[in-house]
Amino acid sequence: IAWDDPAVDEYLSRGEPIVLIGGCPLSKGLVGRWTCDYFADTFGNVGSLGVQFAPRNYGQFTRYYGQGLGKGGIFASSFKDFVQRVAANE
């Protein structure tokens, strides 16, 4: 749906997911304020993320893991821990 379609407000008020096309000035003022550090400080210990990983030298990323299916896996992490791992280049 176009970002400036009047129906966007209805979707947002109902909490329904939508895909906006044609740019998205609704979040323009937030770009630059929403950093990994901001999310780590704000949501750092809330719940758990399923973080997918693959070896650095592996050119493919797959969501299917197991013997013969692909390299990598999934581990649980808080957002704060995720940001620290990324900063440490793990």
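Values below: every heavy atom of this structure, side chains too, minus hydrogens, waters and symmetry copies.
For residues 4-15, every residue pair satisfying the side-chain hydrogen bond (donor to acceptor under 3.5 Å, both in side chains) rule, not counting sequence neighbours, is listed here: Arg14-Glu16.
Contact check for Leu20 versus Ile1: side-chain heavy atoms found under the 4.5 Å cut-off. Residues Val8 and Ile18 meet the side-chain proximity criterion, which asks for heavy atoms closer than 4.5 Å. Using a 4.5 Å heavy-atom threshold, the side chains of Leu49 and Phe79 count as touching.
Between the side chain of Trp3 and the main chain of Gly22, a donor-acceptor pair closer than 3.5 Å is present.
If you take CZ on Phe75 and CZ on Arg85, they are separated by 4.0 Å, rounding to the nearest 0.5 Å.
Residues passing the side chain to side chain donor-acceptor pair (under 3.5 Å) test with Ser77 are Asp81, sequence neighbours excluded.
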Solution key, residues 35-43 side-chain donor-acceptor pairs under 3.5 Å, sequence neighbours excluded:
| residue | atom | partner | partner atom | Å |
| --- | --- | --- | --- | --- |
| Thr35 | OG1 | Asp37 | N | 3.4 |
| Thr35 | OG1 | Tyr38 | N | 3.0 |
| Thr42 | OG1 | Tyr38 | O | 2.8 |

